[in-house]
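Right, one structure below, let's go through it.
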Amino acid sequence: MTTLAIAPQRPVSLWPAAHAADARRPRSQQTKLGASDTVCARRAGYLLHGRTPTDTGEKRKALLGTWLHAGILEAAREEYGWLVERRVEDQTVRGHIDAVQLDSTTAARLPKRLRPTLPAEETTVEDVKTKGTYQWDSVLRYGASEAELRQVYLYSDLLAHEGFASVRGQRQLARLGPIPVARIRFRFINRDSGDDHVQEIAYEAARARRARWWVQQIRSAESPEELPRSFQGPGISAICDHCPFRTACWGPLVAGRTPQSQLIHDDVERAEALAEYAEVTEQIKPLRDKQKLLRAMLDGSEPGVYGTNHLKWSGGNPTKVDDVEAMVSTYRRAGLEVPMAPDVAAMKAKFKEVGIPVPTRLDHDRRTAVSINVTASKKP
């Protein structure tokens with residue numbers, strides 16, 4: 001006798017499990033200010049004061065980035081002997097450094113099992129960042145953001161002044177004591193294409209001090225509301241859109257009003273904002289006019305790499321329009337009465353009712369707009 005396995009109509013989603021597992025991760029539960037929590041001043045204040053998050057948000061992209069991030073670091077540990085996901089901390093800040101590549105002198109002080117396969121020329125702290133395609137051009141042109149730089153300078157400063165934290169699994173590393181850092185490296189990974197981009201900079205003590213000063217300002221605030229918002233708010237900043245304290249910071253959403261509208265309290269402030277709007281509009285106009293001229297000059301240029309930029313075109317395709325002749329033919333084949341003057345709307349409704357695709361054709365005289373797309377060219 002054959003036994004049939006009856007499956008549920010819809011397979012169980014793994015995303016609830018992924019969100020639950022993420023909530024149990026140490027980074028999701030830590031109450032001490034983490035270096036990775038220094039993206040926004042007010043958000044850091046909410047964390048430091050133990051405020052309960054008001055928003056959960058969509059975390060699928062972040063989770064995919066976390067998994068990719070973990071896989072890359074594990075491969076680096078196995079193949080190159082990098083020190084990955086190592087904890088550093090003092091009385092005010094804590095964090096986990098993605099990767100530390102020790103120089104030969106420092107590496108020689110460790111047991112052989114902890115030494116890198118190939119020591120660095122100078123001790124380097126590396127941070128891996130995953131990005132989507134829409135962010136990739138900014139990564140290639142401008143590199144790490146101020147918040148990302150601040151995060152890694154805090155890691156490096158902790159390593160330089162405290163060394164590795166003396167916790168289970170890294171006692172041997174803690175015995176090294178403070179480790180001077182010479183270089184900082186960012187490794188950006190495109191989540192969509194797999195492309196990578198590396199940015200290296202020399203370690204600067206002055207920038208580390210500025211990062212420390214930033215943390216001191218957060219700690220000195222009596223409440224999170226005293227701290228400035230580092231970004232421009234929901235609907236403008238993706239960081240604000242997905243912030244766990246979005247409602248605490250900007251209040252509940254009000255139909256027909258932007259969250260930023262609460263920043264104006266009276267007609268005096270409204271007049272100031274309007275004057276600034278007019279001034280900015282006047283400043284932008286010459287740039288827009290120049291951009292239109294340059295766009296017209298580039299019209300007809302072949303796609304490709306020119307200097308440091310990659311030129312691509314999109315659009316210019318024939319548009320889809322209703323094919324009335326095909327509709328009439330389909331009606332006749334189906335034995336339906338064709339109106340003397342074809343009623344396109346009624347015929348389309350009938351097609352949808354009986355489940356027949358609405359006939360369309362490409363109108364080569366009506367084309368979609370041609371858009372220019374200029375991105376940074378890949379470095380050889």
Trace of the salt bridge (Lys or Arg N to Asp or Glu O under 4.0 Å) decision for E74 with R77
CA-CA 5 Å; E74 180 60 21; R77 185 191 66 79; 2.5 Å; yes
Could you go through S156 and I184, starting from their C-alpha distance and side-chain angles, then the distance that decides it, and tell me whether this counts as side-chain contact (heavy atoms from CB on, under 4.5 Å)?
CA-CA 8 Å; S156 302; I184 287 175; 3.8 Å; yes
Indicate yes or no: at least one non-hydrogen side-chain atom of [X] is less than 4.5 angstrom from one of [Y].
| X | Y | result |
| --- | --- | --- |
| V198 | R185 | yes |
| P359 | F351 | yes |
| P119 | L102 | no |
| I236 | Q260 | yes |
| L47 | F245 | yes |
| M347 | V328 | yes |
| R150 | S145 | no |
| D37 | Y46 | no |

If two hydrophobic side chains count as joined below 4.5 Å and joins carry through other members, does [X] share a cluster with [Y]?
| X | Y | value |
| --- | --- | --- |
| V39 | L149 | no |
| V181 | V128 | no |
| Y203 | L176 | yes |
| V152 | I218 | yes |

How close do [X] and [Y] get, heavy atom to heavy atom, and via which atoms?
| X | Y | result |
| --- | --- | --- |
| K348 | D322 | NZ-OD2, 3.3 Å |
| W82 | A76 | CE3-CB, 3.4 Å |
| R115 | L110 | NE-O, 2.8 Å |
| V305 | G307 | CG1-O, 3.7 Å |
| A165 | Q170 | O-NE2, 2.7 Å |
| T123 | I179 | CG2-CG2, 4.0 Å |

Just do the salt bridge (Lys or Arg N to Asp or Glu O under 4.0 Å) check on E146 and R210 with the steps written out, would you?
CA-CA 11 Å; E146 280 301 314; R210 287 200 296 272; over 6 Å; no
Tell me if a side-chain donor or acceptor on [X] pairs with a main-chain N or O of [Y] at a distance below 3.5 Å.
| X | Y | result |
| --- | --- | --- |
| R187 | E126 | no |
| R42 | E225 | yes |
| Q199 | A144 | yes |
| S237 | Q232 | no |
| E78 | A75 | no |
| D55 | T247 | yes |
| R87 | V167 | no |
| S301 | L298 | yes |

Atom pair [atom1]/[atom2] of [X] and [Y] - distance to nearest 0.5 Å:
| X | Y | atom1 | atom2 | value |
| --- | --- | --- | --- | --- |
| L263 | W250 | CG | CH2 | 4.5 Å |
| T92 | L33 | OG1 | CG | 8.0 Å |
| L159 | I97 | CG | CD1 | 4.5 Å |
| R183 | I201 | CZ | CD1 | 8.5 Å |
| Y155 | S36 | OH | OG | 4.5 Å |
| E89 | S166 | CD | OG | 9.5 Å |

Below 4.0 angstrom, N of the basic side chain to O of the carboxylate: do R94 and E162 qualify?
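Salt bridge flag = no for E162 with R94.
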For [X], does the [atom1] atom sit with more than 12 other heavy atoms under 6.0 Å from it, leaving out its own atoms?
| X | atom1 | result |
| --- | --- | --- |
| Y80 | OH | no |
| E222 | CD | no |
| H49 | NE2 | yes |
| K131 | NZ | yes |

Check D196, T133, L140, V139 against N190 for a side-chain contact (heavy atoms from CB on, under 4.5 Å) and give me the one that passes.
T133
Would you say R219 and Q216 are linked by a side-chain donor-acceptor pair, where the criterion is simply a distance under 3.5 Å?
no
Do K129 and Q151 have a side chain donor and acceptor closer than 3.5 Å?
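K129 vs Q151: donor-acceptor pair found between side chains.
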Where does the angle between the aromatic ring planes of F188 and H197 fall among parallel (under 30°), tilted (30 to 60°) and perpendicular (over 60°)?
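Correct class here is parallel.
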Would you please test W136 and D192 for side-chain contact (heavy atoms from CB on, under 4.5 Å) and show each step?
CA-CA 10 Å; W136 198 243; D192 303 311; over 6 Å; no
Could you name each residue pair satisfying side chain to side chain donor-acceptor pair (under 3.5 Å) that touches residues 265-278, not counting sequence neighbours?
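Passing the test, one end in residues 265-278: H265-E269, D267-R270.
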Checking side-chain hydrogen bond (donor to acceptor under 3.5 Å, both in side chains) between H69 and each of D127, T130, D98, which is the one that passes?
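When D127, T130, D98 are each tested with H69, the side-chain hydrogen bond (donor to acceptor under 3.5 Å, both in side chains) holds only for D98.
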Under the criterion side-chain contact (heavy atoms from CB on, under 4.5 Å), I'd like the reasoning laid out for R212 against V93: C-alpha separation, chi angles, the key distance, then a yes or no.
CA-CA 9 Å; R212 282 289 193 173; V93 185; 4.1 Å; yes
What's the verdict on side-chain contact (heavy atoms from CB on, under 4.5 Å) for N309 and R141, showing C-alpha distance, side-chain angles and the deciding distance?
CA-CA 10 Å; N309 293 293; R141 291 184 185 279; 2.7 Å; yes
